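See below for the structure under consideration.
This one's a predicted model, so the numbers in the text were calculated from it and none came from an experiment. Both counts, for ligands and for their atoms, begin at 1 and track the order of listing.
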Amino acid sequence: MADGIVGEYRSLQRETDADLLAMQVGDFYEFFAEDAETVGDELDLAVSQKASHGSSYPMAGVPVDDLTPYLKALVERGYRVAVADQGDEETTREIVRVATPGTLLETDDTDSQYLVAVTADDDAYGLAACDVTTGRFRTTTIDGRDPVRRLLSELRRHAPVEILPGPRLRNDETITAELQDTDARVTLHEPDAFAPGRAKHTLTEQFGTTSILPEAAAMRAAGAVVDYVAETGVGTLAAVTRLETYSPDDHVAVDETTRRNLELIEPMTDDGRSLLSVLDHTETSAGRRLLSEWLCRPSRDKTELRARQDAIAALAEQPLQRERLREHLDAAADLERAATRAVSGSADARTLLGVRETLSVLPAIRETIESMDGLGVDSIGGALTRQADSAGTLREQLDALGDDPPKTLRDGGLIRRGYDDQLDELIDRHETAVDFFEGLAEREKRRHDFSRVTVDRNKTDGYYVQIPKSETDAVPESYDGIKTLKNAQRYVSEELREHEREVLRSEEARNEREYEVFCALREAVGDAAETLRTLGQTLARLDVCCSLATHAAKNGWCRPAVTDEGVLSIEAGRHPVVEQSVEFVPNDLHLDRDRRLLLVTGPNMSGKSTYMRQAALVTLLAQIGSFVPAEAATVGLVDGIYTRVGALDDVAGGRSTFMVEMSELSHILHSAGEDSLVVLDEVGRGTATYDGISIAWAATEYLHNEVGAFTLFATHYHELTTLTADLPRADNVHVAVAGDGDDVTFLRTVEPGPADRSYGVHVADMAGVPQPVVDRSRSVLDALREDRAIETRGGSDETVQAVFDLGSGAFREHDDGQTDSEDDPIPPETAAVLDEIEEVDVNATSPLEILSLVEEWQRRLR
Ligand code: ADP
Ligand code: MG
């Protein structure tokens with residue numbers, strides 16, 4: 001038999017590509033062999049040995065009713081688990097579902113749970129993202145500039161739990177490596193599911209129309225998602241009823257690096273705080289999900305942003321009502337998820353109870369909103385009014401649910417009296433039958449003059465009468481002893497058995513009817529899924545607006561003016577996260593079309609990074625519709641926020657090499673445009689001084705002349721500050737310090753003009769580097785400055801060619817670049833060395849060899 005079972009297990013394993021198989025054997029789901037070992041290790045489950053015919057198999061099992069929590073735990077660890085149920089005949093088992101990270105409905109996790117498919121065509125990439133727990137399903141096509149990076153950025157923005165790469169992308173090493181680098185499970189779904197014909201068919205079947213079909217690459221991704229969910233889930237697809245096609249350009253481009261640098265969702269260090277965690281005062285998990293989505297997808301839609309601002313303003317100004325709303329929201333359940341579970345038939349009574357409670361607080365929420373200025377008919381209040389009316393009947397229906405229903409659905413206790421005639425009759429019948437036992441102990445006691453009689457019921461004995469041992473002589477003929485205990489004896493009788501049968505019959509009929517009524521309720525909730533989802537989204541929006549209003553009121557934030565003009569003007573701005581932990585010194589910032597690039601200088605730790613991030617965060621907050629940490633602000637809407645922190649300044653460390661730094665710089669120079677905000681923090685620092693300075697120099701010119709983006713560039717290359725002389729739309733600011741020598745006080749105020757000097761050597765001095773070394777580095781620095789010059793280029797329309805002599809601090813004009821090289825021909829020996837440098841294959845040369853090469857070059861140059 002065991003061999004037979006393990007044999008069957010093996011053959012089912014061959015049918016599925018899941019990692020683990022749970023197979024029902026009677027009252028248990030069993031894992032065998034290596035699966036048992038894995039499950040045992042992962043879940044700390046006892047593994048026993050199943051011995052049979054001379055061989056022995058590890059075996060681990062969980063009770064049938066307990067499978068869900070184990071499934072969840074395994075799936076959360078990234079496994080895909082196939083579940084095989086036993087049919088009526090004991091030997092016919094088949095796989096009924098595959099639980100995977102992206103298709104699990106039973107999640108407790110409040111975060112979104114995106115399953116994302118990505119595909120490639122010749123000229124475009126497609127992405128489809130579906131959260132089966134809420135029924136959200138959206139798809140987009142990515143083509144044009146830098147598509148791979150934008151695809152990956154769009155992918156990561158969804159924080160997927162499972163990714164389905166299309167067949168073509170599986171051969172792409174860059175993309176494969178990037179996918180492996182996410183927290184998501186990468187699943188290689190059947191390639192055919194990505195084929196255009198099949199995808200089109202799948203989508204048409206699912207949505208019943210071809211009018212929604214997106215472009216080819218996106219359609220193939222969406223088709224694969226639906227195909228995959230259909231294959232793995234029971235009923236899961238029923239909740240996926242809408243497919244939204246969007247363009248990534250609808251949102252502000254915020255790439256992965258920027259999301260990380262600005263610590264939007266996750267802090268960079270363990271003891272840090274993310275913007276999300278600071279802003280989050282939401283009461284519901286749907287609200288939290290939405291806030292996080294707003295932060296990852298800031299909007300460029302002025303009308304939408306103003307609507308959000310209006311709501312936040314109204315809520316910020318009316319604290320009493322706001323607090324009342326938050327209390328009501330606290331009682332609201334996750335309607336989007338509840339609706340989905342109802343549709344797929346997996347909602348239990350508690351889920352429906354959550355729906356009822358949420359619908360019950362709606363009138364109070366509405367009333368509060370109606371009592372408020374400015375949150376009236378057109379915004380959230382209006383939406384709520386429309387949806388609440390259609391949900392009113394449903395709430396009445398749900399009154400049929402008891403107040404404290406059990407988790408199980410077939411054991412009764414779900415439905416109240418008075419909602420179903422047939423059930424009421426069955427309840428009467430059941431209660432009459434149970435009544436017999438209620439007074440039985442007392443009746444028997446009196447009839448036979450016992451001192452003590454107990455009547456009770458348990459699983460093995462059913463109903464019984466229990467008499468103390470000392471009185472068993474007085475027991476009547478009709479009593480049938482069934483069990484002897486230490487001090488007592490248990491009996492049943494024919495009369496007892498007769499009544500017991502009636503209790504069982506009526507109980508079963510009652511439970512069955514309760515289950516039927518429950519299923520009808522669940523269906524009613526499922527039928528209202530669309531309304532409930534929209535309602536859930538409205539409540540989530542209200543929750544987020546309350547949260548942002550709460551934060552704005554508590555921290556004295558202001559409503560920014562959002563405009564299409566190219567301007568970023570912040571009065572007394574603060575950093576939203578840093579202001580939580582220190583006495584913050586506010587700063588001003590002003591950028592416009594004629595002043596679009598600022599070089600930020602100042603000593604280490606003076607506040608340069610903070611100042612620039614603050615500008616990026618204020619812009620981002622304005623574009624989620626939030627108030628901002630400032631006394632006043634005017635924010636011109638941007639199409640992208642790009643940040644790069646130099647390799648040496650990347651506090652997360654390790655990940656960032658100079659190569660990464662440069663490829664990200666390249667991305668920014670390619671992607672940013674006139675309407676973008678660029679923040680460069682110590683870029684160029686990851687390499688030797690002259691390399692670094694040259695790259696920083698050239699990047700600054702390019703951003704100023706070609707890209708035209710609003711740019712903040714913090715640099716410790718003091719030399720760069722002279723650039724502003726020739727770049728008409730660039731300016732210097734510095735973070736002020738007071739004092740000199742060992743005694744520098746950080747003032748944290750940002751002032752016009754460059755810092756008065758470079759502080760590198762000064763910092764070395766402060767840090768206690770021995771005086772001879774400090775002195776020597778000063779003289780080396782001076783020598784270097786005398787020796788070297790850097791060329792600067794003006795705007796393309798007014799090309800100025802000049803050589804800046806760092807020693808004299810002045811420009812020497814040149815006619816043009818060509819004559820420059822004719823004037824100063826490179827000596828042949830230098831040229832030879834340069835050629836050799838160019839030819840060295842860095843990857844194929846050991847560091848030692850490089851060292852000796854450099855030594856050799858230096859010798860020749862001298
Ligand atoms: P830099 O980039 O110049 O090295 P940072 O921006 O990292 O300096 O700032 C260093 C520290 O100074 C920050 O961690 C912060 O605590 C503090 N700080 C920065 N700006 C301010 C400010 N405006 N008000 C108060 N503290 C500030
Ligand atoms: Mg810094």
Side-chain angles (χ1 to χ4, degrees), residues 257-258 260-263 267-275 277-278 555-558 570-590 598-618 621 628-633 642-653 656 661 664-665 678-686 692 696 700 711-718 720-721 732-739 744-767:
T257 313
T258 300
R260 208 177 64 221
N261 282 343
L262 295 180
E263 308 185 285
M268 264 196 271
T269 53
D270 290 341
D271 51 356
R273 292 191 71 184
S274 69
L275 180 64
S277 77
V278 167
N555 296 279
W557 287 15
C558 75
I570 303 171
E571 264 171 55
R574 281 115 50 205
H575 187 296
V577 178
V578 178
E579 76 164 334
Q580 295 295 312
S581 52
V582 303
E583 190 66 36
F584 202 90
V585 180
N587 287 305
D588 296 345
L589 172 72
H590 183 86
L598 285 188
L599 286 159
V600 185
T601 42
N604 249 348
M605 290 302 287
S606 61
K608 300 182 296 295
S609 301
T610 308
Y611 179 66
M612 297 194 305
R613 279 177 196 181
Q614 173 183 319
L617 290 172
V618 165
L621 284 168
V628 298
E631 258 163 38
Y642 300 88
T643 69
R644 172 62 225 179
V645 177
L648 287 189
D649 246 43
D650 189 336
V651 293
S656 191
E661 179 178 332
E664 287 180 1
L665 176 63
V678 174
V679 169
L680 299 176
D681 198 348
E682 307 280 13
V683 164
R685 205 167 160 179
T700 308
T711 305
L712 293 164
F713 193 161
T715 180
H716 73 302
Y717 293 131
H718 193 253
L720 289 190
T721 54
N732 279 306
V733 294
H734 69 280
V735 190
V737 290
V744 169
T745 314
F746 293 121
L747 299 177
R748 313 280 184 217
T749 47
V750 175
E751 294 179 1
D756 53 359
R757 61 206 148 103
S758 173
Y759 286 85
V761 177
H762 172 73
V763 172
D765 195 3
M766 277 203 316

Test item: T601 side-chain N/O and A755 main-chain N/O as donor-acceptor pair under 3.5 Å: yes
N, O or S from S609 under 2.8 Å to the Mg ion (ligand 2): yes
Nitrogen or oxygen atoms of M605 and ligand 1 under 3.5 Å apart: yes
Numbering as shown, the atoms of ligand 1 that approach N587 to under 4.0 Å (heavy-atom distance): 23 (N)
Any N/O pair Y611/ligand 1 closer than 3.5 Å: no
Subset of ligand 1 atoms that lie under 4.0 Å from at least one heavy atom of E583: 25 (C)
Distance-only N or O hit between ligand 1 and V585, under 3.5 Å: yes
Taking every non-hydrogen atom, the tightest pair across V735 and S606: CG1-O, 3.3 Å
Those atoms of ligand 1 less than 4.0 Å from some heavy atom in P603: 3 (O)
Main-chain N/O of G602 paired with H734 side-chain donor or acceptor, under 3.5 Å: no
Heavy-atom check, side chain of V678 versus side chain of L680, under 4.5 Å: yes
Under 3.5 Å: N/O of G607 near N/O of ligand 1: yes
Shortest non-hydrogen contact from V737 toward F746: CG1-CD2, 3.7 Å
Candidate with minimal heavy-atom separation from atom 7 (O) of ligand 1, of S609, G602, P586: S609
K608 to V600 - nearest heavy-atom pair and separation: CD-O, 3.7 Å
Best match, E682, R574, R613, R748: closest heavy atom to atom 17 (C) of ligand 1: R748
Side-chain donor-acceptor contact under 3.5 Å, N732 with T721: no
